[in-house]
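A short worksheet on the structure shown next.
Only this structure's heavy atoms are used, side chains among them; waters, hydrogens and symmetry mates stay out.
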There are 2 protein chains.
Amino acid sequence: MDRPAFLLSSLGVQVANEFTERLRPLGLEPIEFALLAHLESAEGSSQQTLAEALGVHRNAMVGLVDELETRGLVQRHPHPDDRRAKALHLTERARELVERGYRAADEHDADLLSTVEESERPQLISLLRRVAEDRGVSPRGHPCLTQHPGPVKRSTTDRADEDSR
Amino acid sequence: MDRPAFLLSSLGVQVANEFTERLRPLGLEPIEFALLAHLESAEGSSQQTLAEALGVHRNAMVGLVDELETRGLVQRHPHPDDRRAKALHLTERARELVERGYRAADEHDADLLSTVEESERPQLISLLRRVAEDRGVSPRGHPCLTQHPGPVKRSTTDRADEDSR
DNA sequence: TATTGTTATACTCTATAACTATA
DNA sequence: TATAGTTATAGAGTATAACAATA
């Protein structure tokens, strides 16, 4: 099966699964790593803001933060500008985990490229980036694995014009 | 984010979602198309055999076949060699759908490659195939979208060596 | 009146076990 | 005793709606 679409999607799922496995020893799910990593460069964000950045619903963010707070990785502080909101902060332990997560990602990348000639790597990356940009790939996370596919616009009137059945 | 792993996984999920959308007008889910397409080249297979080929559990296969049978796309005949088994057969309508599905896949592939120079396409495909082969990507379907991730080997003793919490 | 965080509920999916009829 | 297909049930995950506090 040399179809580009087939290759890309099965390879993509495989790679996402591999990353999940590399994160497992750190005790992090991909969405949790994404949350912590994003928070690291936006310390003090509100849950709402973070939720939008990660593409999860604010209701789901509650449970996510609950879990990470229980594990001592994030803290909810009062938000300086808005008394309704919580300002999220990373703990020292979380910062270490994020660093280890990035290192895992580096190792993963190196492993992925190991079969590709050094000289071909820039081209592969540039081709992938070009295709991804062309399709407007959102720089979010791994919707597949993080199980936050977003509202699947399949409202009432859908399935209307299907021709089987 | 130019990490190969990140590019590959987000692009893969995107591409898989696009294919799902292209299949929608045919009234087929990816797993259903996979089932019909596979059956086309293995007419008369038992549910068990097909289930293994597609990477779904035999229990799940029942509902899948039920649905397709209701829609008049597959038929359960008595299996010539084994009275316990059902021999699955495609209807004429299903054959047309499979052809349209393949055509949708062709269009999708063409669209994917439209931003890539004609001269670069063979190399892109060969690179992807090389990486995929190196990782032992199973030639199955789109586990992500078909929602059949298989048993997630996360047995009792798992999560033992996690270091957070 | 709108927004932030929260909780509760309903819904969808899937994994498991158990049953039957055959082998 | 094992296997093919089936069914039922429980569990996980997610989406939706509704609420209190604040803007």
Whether B:R83 contacts C:dA23 is assessed here as follows: a side-chain N or O lying under 4.0 Å from the phosphate OP1 or OP2. Is that the case?
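So the side-chain polar atoms of B:R83 do come within 4.0 Å of the phosphate oxygens OP1 or OP2 of C:dA23, strictly under.
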
Starting at [atom1] of [X] and ending at [atom2] of [N], how long is that distance when rounded to a whole Å?
{"X": "B:Q47", "N": "C:dT22", "atom1": "CD", "atom2": "P", "answer": "15 Å"}
{"X": "B:R76", "N": "D:dA4", "atom1": "CZ", "atom2": "C1'", "answer": "12 Å"}
{"X": "B:M61", "N": "D:dA4", "atom1": "CE", "atom2": "P", "answer": "12 Å"}
{"X": "B:Q48", "N": "C:dA21", "atom1": "CD", "atom2": "P", "answer": "19 Å"}
{"X": "A:D81", "N": "C:dT4", "atom1": "CG", "atom2": "P", "answer": "13 Å"}
{"X": "B:L88", "N": "D:dT6", "atom1": "CG", "atom2": "P", "answer": "9 Å"}
{"X": "B:E29", "N": "C:dC13", "atom1": "CD", "atom2": "C1'", "answer": "12 Å"}
{"X": "B:L64", "N": "C:dA15", "atom1": "CG", "atom2": "P", "answer": "13 Å"}

Residue B:A85, side-chain heavy atoms: nucleotide from D:dA23, D:dG5, C:dG5 that is nearest:
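Closest of the options to the side chain of B:A85: D:dG5.
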
Nearest of D:dT6, D:dT22, C:dG5 to any side-chain atom of A:D82?
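Shortest atom-to-atom distance from the side chain points to D:dT22.
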
Test your reading of the model: is there a side-chain donor-acceptor pair from [X] to the backbone of [Y], 3.5 Å cut-off?
{"X": "B:R22", "Y": "B:A105", "result": "no"}
{"X": "A:R95", "Y": "A:L90", "result": "yes"}
{"X": "A:R135", "Y": "B:Q14", "result": "no"}
{"X": "B:R130", "Y": "A:T115", "result": "yes"}

Applying side chain to side chain contact (heavy atoms under 4.5 Å, CB included) to B:T91 and B:V74, what does each step give before you reach the verdict?
CA-CA 6 Å; B:T91 64; B:V74 307; 6.0 Å; no

Those residues that, when tested against A:H108, pass side-chain hydrogen bond (donor to acceptor under 3.5 Å, both in side chains) (two or more places apart):
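Checked A:H108 against side-chain hydrogen bond (donor to acceptor under 3.5 Å, both in side chains); matches are A:E18.
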
Check nucleotides 17-20 of chain D for protein N or O atoms closer than 3.5 Å to its own N or O atoms and list the pairs.
from	atom 1	to	atom 2	distance (Å)
D:dA17	N6	A:N59	ND2	2.3

If you take atom types as modelled and just measure distance, does the side chain of A:R84 reach the base of C:dT3 with a donor-acceptor pair under 3.5 Å?
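Answer is yes: a donor-acceptor pair is held.
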
In chain order, what residues pass the side-chain contact (heavy atoms from CB on, under 4.5 Å) check against A:D82, with sequence neighbours excluded?
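For A:D82, the residues satisfying side-chain contact (heavy atoms from CB on, under 4.5 Å) (neighbours in sequence not counted) are A:H79, A:R84, A:A85.
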
